[in-house]
Structures are given as structure tokens and as C-alpha cells.
Asks: 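What follows is a structure written as C-alpha cells; I'll ask about it next.
The basis for the numbers below is simple: all heavy atoms, side chains too, and nothing from hydrogens, waters or symmetry mates.
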Amino acid sequence: MERYWNEEIECMSREDMKKLQDERLVAQVKHVYENVPYYKKLMDEKGVTPDDIKSTDDLHKLPFLTKNDLREAYPYGLLAKPLSDCVRIQSTSGTTGKRVVAFYTQHDIDLWEDCCARAITAVGGTKDDVCQVCYGYGLFTGGPGLNGGSHKVGCLTLPMSSGNTERQIQFMRDLGSTIICCTPSYAAYIGETLHEMGLTPDDIKLKAGIFGAEPWTEEMRRSIEKSLGIKAYDIYGLTESSGPGVSFECSEQSGMHINEDHFIPEIINPETGEVLPEGEVGELVFTSITKEAFPLLRYRTRDLCRLTREKCSCGRTLIKMSKPMGRSDDMLIIRGVNVFPSQIETVLIEQGYAPNYLIEVDRVNNSDTLDINVEMNTEQFSDKMKDIQDKERELAGAIKTMLGISPKVHLVSPKSITRSEGKAVRVVDKRKLHD
Ligand code: DLL
């Protein structure tokens, strides 16, 4: 039986939703134009005024906003409310350049937590659940967002943050956690640790996990589901749009419903900026129509995915986005071929390896090199050099079939690749260091 957090919105007819979006968009554009000089300048440069935006059909007339704009306007340049009305800031986990700082009024926090409450309810969460939040807390939005959503639903909330994995499992057992929220790479690590502690999924009460903040494959989903004995659901969001909860998966587990009453999505061709028809893969662009302090109009996320309005078995009518296959700037171009780390992950798990790997790309004598370090588990580990070489060759062949280019595979000993407690680092592109 499907449960909704806000049935009226989540199952609203397309017609009513469009009407709601039209009204909210018109008001939001006016709010931004009047209160954010930076955005007014962008609109003036494009020759658009709030009067030109009468409904969502006019969305394409607005200028795009990029991460560069956010950096340029740092820290207060995109603020649309007086600082005295703001009650919180959160920030990106990015390590390069200036951080992105997002501001929230109490109203913004409420609607953000509401979006997370929808996600928790969609995986079956109720006030009878014990929800263990092991996303990082602090400036990162993962912990605070799911924590707030969990409170709203009325779950007993465990604000664990990430790390100290054995203690996570201890609490999970002692308090009977039924829902876990963390990155998929940390979920895989928790599953691995559970088994190393001599425990099985029967020793814990978890039934569902809400995993996001980084790209992960269907193969990874199955592997986590098996190791923790749960159903694994995806959740998407970004600091710029509040945090987690822009979209969430339902019982169908095939793409994430976008909270369209708060965020209008578009898919564009990343090269030309042209809006693409439903179903085509391109860059996801968001317009937030309800946020007060830090509303972004036509914000380019750089995430690549597709949208679909196909009927969903859960009954929600909210549009769905496919799993992002990574950011457009995560895509590696190796010897002229486009490579997503997720393609490599798919092959590794299919071939029976755990998702513990590190991809290294370099340029030697003007030619790109692709080295993939893959960890063996104790059963795969062998003293015989020849066994290992055979396995490396086999895996390299399977990856070549997927990518069209040959990698060098290095099978490394168990436990030699650093585990992730937050967003996993899967790629080291040394070419960037030489440039
Ligand atoms: O990662 C917010 C979040 C926290 C989402 C917890 C889900 C759960 P940022 O640190 O600003 O915010 O990073 C945002 O992470 O543009 C995507 O590239 C990536 N990302 C987020 N969720 C997913 C997902 C948070 N489910 C960036 N699948 C986004 C793939 C994701 N990538």
C-alpha cells in the first residue's frame, strides 16, 4: 500500500500542477528581479522583464545561471531576502575554488524538510520507524536535510553523521534502526563491515535505505540491497537547491519524482543551451519557485539525465528524472572516447568485484592512459601471479567491451583501497595536474 506525505501535491493532475507552477513562477521572477541586482542585470542584458514571464511557457526566455555566477556573486550577491530574515547557511563540499553558500529563511528550511519528509514516506517511513542518518552533518546538506525530514515524519531520529562504522552498526542493532540514510558508497562500506563483524542482515532490522549525493549504478543498488537486506532508494539534490529532496524514489525504484511544486526542471543541450524534448538525455536545469532567500532561476546543475512523464505505479504524478549518470564535467574523455566512471562500476560489479576501485587517467608520450585499480576480496585473492594476471586480463576485456578502449587493470589486495564515509573519490585525472 502506497503512502504519501502530501497526497494532494504528489498526485495532483498535470493541469493543476501547471497552474500552480505558473502562479509561483510569475511571483518568483518578480521577487528575484526586484531584490537581486545581480539577476536583474542578467535579465536586463537579455532584454527580459518580469512582465514577459506570464507562465511556465515563457521559462525559456530567462537567462541561465551557472556555478560561475554563484562564485562571482559570493557570498551575498544572490541573496533575495535581508540577511536578518535568514536563519541558516549550508555550503557545498567542493574542495576547489570558492565554496557555494546557500541561505535559508525559516520558510525555506520548512519546505526543504518537507521535501525530505516526502522521500522518507515514499520508502515506507512512518512515525514508528527508527531513522539513522549517517550523512555528514555540518555545512553539508545531507545530514541536516534528512534529519529535518525524519523529524517531520515523526521517526525516532538518530543523528549519527558519518564515520565510526562499527559504532554505527552497534547503534543500529541496539536501537533497531529500520531506515538508513547515507551515501551509497558508505552504505556499501557499512554492509562490508557488518559481514566482517560476523553478522548478517538477519541481525539488524533495517528495511530501507535512502542513498544519494553521488552517482551510483543499478548494480551497486543490488549489491547494497543484498549486503544489508534492504530496499535501496535514490535521492537527489544539491546545495544550490536547498539540498537533498529535489527528487526521490518511490516503490517502483525506477527514477526519482521531482518535487515540481518547488522545482521546475528542464533538460538542455549542454553545448547550445537549447531545451530538449522529454525523454532526451541532457543537462538538468532547475528553477526554484518557492525559495525565498536563495532562489535560483534556470540554474544549470551540470548533471546529465532524462525526464519522463510516463505513468508511475506508485500513483504519483510528479515528473521523474533518471539516475544522473554523473556530471557533465565528471565525464572523462580518454583517447577521444567519452567515459563515465559509472560504466566501469557496472562492469566491476557484474564481474563479481566489490565497488572498491580507483580510476587513474594520465597522459604519457601524448597518449592517454587508463589504469583501473580494483580490489579483490579475500576469496578472489591468490598467491599465484598467473591467476591474478588471468583475472586482470579477463576484467580488462570486459571493460573494453563496455567502453571501446583498453584499460590496464590492476587487481590489488583486499582492504588496500580507502573506503568512503561520504562522497567517494573514484577518479584521479593526472592530466589536469600537468596542464
Ligand atoms: O550532495 C545534496 C544531497 C545530500 C543529495 C544527500 C542527496 C543526498 P552537493 O554536495 O551540493 O549536494 O552535491 C550536489 O551531487 O549536482 C550531483 O552531481 C550529485 N548528486 C546528488 N545526488 C545524486 C544522486 C548534495 N542521487 C551534486 N545521484 C549534484 C547522482 C547525485 N548524483
Side-chain angles (χ1 to χ4, degrees), residues 9 12-70 72-73 76-82 85 100 102-105 107-108 111-112 114-115 237-238 240-242 246-247 257-278 280 282-303 305 307 309 317-319 321:
I9 289 286
M12 190 175 254
S13 73
R14 177 74 205 120
E15 204 183 18
D16 288 351
M17 179 58 78
K18 178 161 187 319
K19 228 163 82 196
L20 184 67
Q21 289 181 326
D22 287 346
E23 275 163 26
R24 288 182 170 177
L25 176 69
V26 169
Q28 187 71 300
V29 171
K30 195 162 170 286
H31 169 60
V32 170
Y33 191 82
E34 285 169 2
N35 294 292
V36 185
Y38 189 98
Y39 208 84
K40 178 176 183 299
K41 186 165 160 273
L42 285 184
M43 281 177 66
D44 289 344
E45 276 165 12
K46 215 171 171 227
V48 202
T49 67
D51 289 340
D52 297 319
I53 311 299
K54 299 204 163 54
S55 76
T56 47
D57 302 329
D58 298 319
L59 195 57
H60 67 277
K61 295 179 184 163
L62 291 169
F64 289 119
L65 203 67
T66 64
K67 195 151 202 156
N68 253 351
D69 290 307
L70 266 55
E72 222 168 87
Y76 301 126
L78 287 165
L79 203 57
K81 277 280 188 185
D85 288 353
V100 169
F103 299 82
Y104 305 71
T105 60
H107 159 91
D108 295 334
L111 69 83
W112 173 28
D114 214 68
C115 288
L238 54 166
E240 296 90 314
S241 70
S242 283
V246 167
S247 62
H257 289 285
I258 296 173
N259 285 312
E260 284 182 277
D261 52 327
H262 299 300
F263 304 100
I264 305 178
E266 296 170 278
I267 293 286
I268 63 162
N269 175 328
E271 254 97 67
T272 63
E274 172 207 0
V275 178
L276 298 176
E278 185 194 316
E280 284 194 29
E283 179 179 346
L284 185 60
V285 171
F286 274 116
T287 297
S288 57
I289 46 177
T290 47
K291 283 198 318 151
E292 293 180 337
F294 198 66
L296 300 182
L297 307 183
R298 299 198 89 200
Y299 181 65
R300 293 185 60 159
T301 64
R302 297 186 288 181
D303 291 318
C305 68
L307 298 175
R309 279 209 182 276
T317 47
L318 300 172
I319 196 167
M321 61 183 267

Asks: State, to 0.1 Å, how close Arg24 and Asp261 come at their nearest heavy-atom pair, and which atoms those are.
Replies: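 Taking Arg24 first and Asp261 second, the nearest heavy atoms are NH1-O, 2.6 Å.
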Asks: List the steps and the verdict of salt bridge (charged side-chain N to carboxylate O under 4.0 Å, His left out) for Arg298 and Glu240.
Replies: CA-CA 12 Å; Arg298 299 198 89 200; Glu240 296 90 314; over 6 Å; no
Asks: Measure across Gly282 and Leu276 and return the closest heavy-atom pair with its distance rounded to 0.1 Å.
Replies: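 Between these two residues, the closest heavy atoms are CA-CD1, 4.2 Å.
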Asks: Apply side-chain contact (heavy atoms from CB on, under 4.5 Å) to the pair Leu238 and Tyr299, showing each step before the final yes or no.
Replies: CA-CA 11 Å; Leu238 54 166; Tyr299 181 65; 3.9 Å; yes
Asks: Who are the salt bridge (Lys or Arg N to Asp or Glu O under 4.0 Å) partners of Lys18, not counting sequence neighbours?
Replies: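 Asp22, Asp57.
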Asks: Can you tell me how the ring of Phe103 sits relative to the ring of Tyr76, calling it parallel under 30°, perpendicular over 60° and tilted otherwise?
Replies: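 It falls in the tilted class, 30° to 60°.
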Asks: With sequence neighbours excluded, what pairs up with Glu34 under the salt bridge (Lys or Arg N to Asp or Glu O under 4.0 Å) test?
Replies: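 Applying salt bridge (Lys or Arg N to Asp or Glu O under 4.0 Å) to Glu34 gives Lys30.
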Asks: What pairs with Glu271 under side chain to side chain contact (heavy atoms under 4.5 Å, CB included), at least two apart in sequence or on another chain?
Replies: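 Applying side chain to side chain contact (heavy atoms under 4.5 Å, CB included) to Glu271 gives Asn269.
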Asks: Would you call Phe286 and Thr301 a side-chain contact if the rule is heavy atoms closer than 4.5 Å?
Replies: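 Contact flag for Phe286/Thr301 side chains = yes.
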Asks: Any idea which heavy atoms bring Glu278 and Leu307 closest together, and the distance?
Replies: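 Looking at all heavy atoms of both residues, the shortest contact is CG-O, 3.4 Å.
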Asks: Say you draw a straight line from OG of Ser242 to CG of Leu111; how long is it, rounded to the nearest 0.5 Å?
Replies: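 It is 6.0 Å, given to the nearest 0.5 Å.
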Asks: Name all residues meeting the side chain to side chain contact (heavy atoms under 4.5 Å, CB included) criterion together with Val36; count only those two or more places apart in sequence or in a different chain, and write none if there are none.
Replies: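 Once residues adjacent in sequence are excluded, the partners of Val36 under the side chain to side chain contact (heavy atoms under 4.5 Å, CB included) criterion are Val32, Tyr38, Tyr39, Leu78, Ala80.
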Asks: Between OG1 of Thr49 and CG of Asp44, what distance do you get to the nearest 0.5 Å?
Replies: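 Output value for this atom pair is 9.0 Å.
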Asks: Side chains of Ser247 and His257 only: does a donor on one sit below 3.5 Å from an acceptor on the other?
Replies: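 Looking only at side-chain atoms, His257 and Ser247 do not form any donor-acceptor pair under 3.5 Å.
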Asks: Nearest 0.5 angstrom please: Leu297 CG to Leu25 CG, how far?
Replies: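 If we round to the nearest 0.5 Å, Leu297:CG and Leu25:CG are 7.5 Å apart.
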Asks: Do the side chains of Leu42 and Leu65 get nearer than 4.5 Å, heavy atoms only?
Replies: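 Heavy-atom side-chain distance check passes, below 4.5 Å.
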Asks: Between Lys61 and Val48, what is the shortest heavy-atom contact and its length?
Replies: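 Here Lys61 and Val48 meet closest at O-CG2, 3.3 Å.
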Asks: Looking at side-chain heavy atoms only, is the closest gap between Ile258 and Leu318 below 4.5 Å?
Replies: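 The answer is no, as the side chains (C-beta and beyond) never meet within the 4.5 Å cut-off.
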Asks: Would a 4.5 Å heavy-atom cut-off, applied to side chains only, mark Ile268 and Phe64 as touching?
Replies: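 Yes, at least one pair of side-chain atoms sits under 4.5 Å.
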Asks: Going from CD1 on Ile289 to CD on Gln21, what distance comes out if it is rounded to the nearest 0.5 angstrom?
Replies: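 Nearest 0.5 Å value for the CD1-CD distance: 5.0 Å.
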Asks: I'd like to know if Arg302 pairs up with Glu283 as an ion pair, taking the criterion as any Lys NZ or Arg NE/NH1/NH2 lying under 4.0 Å from an Asp or Glu carboxylate oxygen.
Replies: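 No, no charged N to carboxylate O under 4.0 Å.
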Asks: To the nearest 0.5 angstrom, please state how far the CG atom of Asn259 sits from the SG atom of Cys115.
Replies: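 SG of Cys115 is found 4.0 Å from CG of Asn259.
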Asks: Indicate whether any N or O donor in one side chain lies under 3.5 Å from an N or O acceptor in the other, for Thr105 and Glu292.
Replies: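 Thr105 vs Glu292: donor-acceptor pair found between side chains.
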Asks: Can you tell if the side chain of Ser55 reaches within under 4.5 Å of the side chain of Glu23, non-hydrogen atoms only?
Replies: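 Of all side-chain heavy-atom pairs linking Glu23 with Ser55, none is under 4.5 Å.
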Asks: Could you check Thr287 against Leu59 for side-chain contact (heavy atoms from CB on, under 4.5 Å), going step by step and ending with a plain yes or no?
Replies: CA-CA 9 Å; Thr287 297; Leu59 195 57; 3.7 Å; yes
Asks: Can you tell if the side chain of Arg14 reaches within under 4.5 Å of the side chain of Glu260, non-hydrogen atoms only?
Replies: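 The answer is yes; the side chains approach within 4.5 Å.
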Asks: To the nearest 0.5 Å, how far apart are OG1 in Thr56 and CD in Glu266?
Replies: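 Answer for the OG1-CD pair, Thr56 versus Glu266, is 9.5 Å.
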Asks: Is it true that Glu45 and Lys41 make a salt bridge, defined as a side-chain N closer than 4.0 Å to a carboxylate O?
Replies: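 The answer is yes: the pair qualifies as a salt bridge.
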Asks: Yes or no on side-chain contact (heavy atoms from CB on, under 4.5 Å) for Asp58 and Val29, after CA distance, side-chain angles and deciding distance?
Replies: CA-CA 11 Å; Asp58 298 319; Val29 171; over 6 Å; no
Asks: So which heavy atom on Arg309 is nearest to which on Thr317, and how close?
Replies: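 Nearest heavy atoms, Arg309 then Thr317: NH1-O, 4.0 Å.
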Asks: Taking the side chain as every heavy atom from C-beta outward, state whether Phe294 and Tyr104 have any pair of such atoms under 4.5 Å apart.
Replies: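 No, their side chains stay 4.5 Å or more apart.
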Asks: I'd like to check the side chain to side chain contact (heavy atoms under 4.5 Å, CB included) partners of Pro277; sequence neighbours left out, ordered by chain and number.
Replies: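 Testing Pro277 for side chain to side chain contact (heavy atoms under 4.5 Å, CB included), a comparison that skips the adjacent residues, returns Glu280.
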Asks: Mind checking salt bridge (Lys or Arg N to Asp or Glu O under 4.0 Å) for Asp16 and listing every partner two or more places apart, or none if nothing turns up?
Replies: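 In terms of salt bridge (Lys or Arg N to Asp or Glu O under 4.0 Å), with neighbours along the sequence ignored, Asp16 is linked to no residue.
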Asks: If you look at every heavy atom in Thr290 and Gln28, which pair is closest and at what distance?
Replies: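 The answer is N-NE2, 3.5 Å.
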Asks: Are any of the side-chain heavy atoms of Ser288 and Pro295 separated by less than 4.5 Å?
Replies: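 Yes, side chains in contact.
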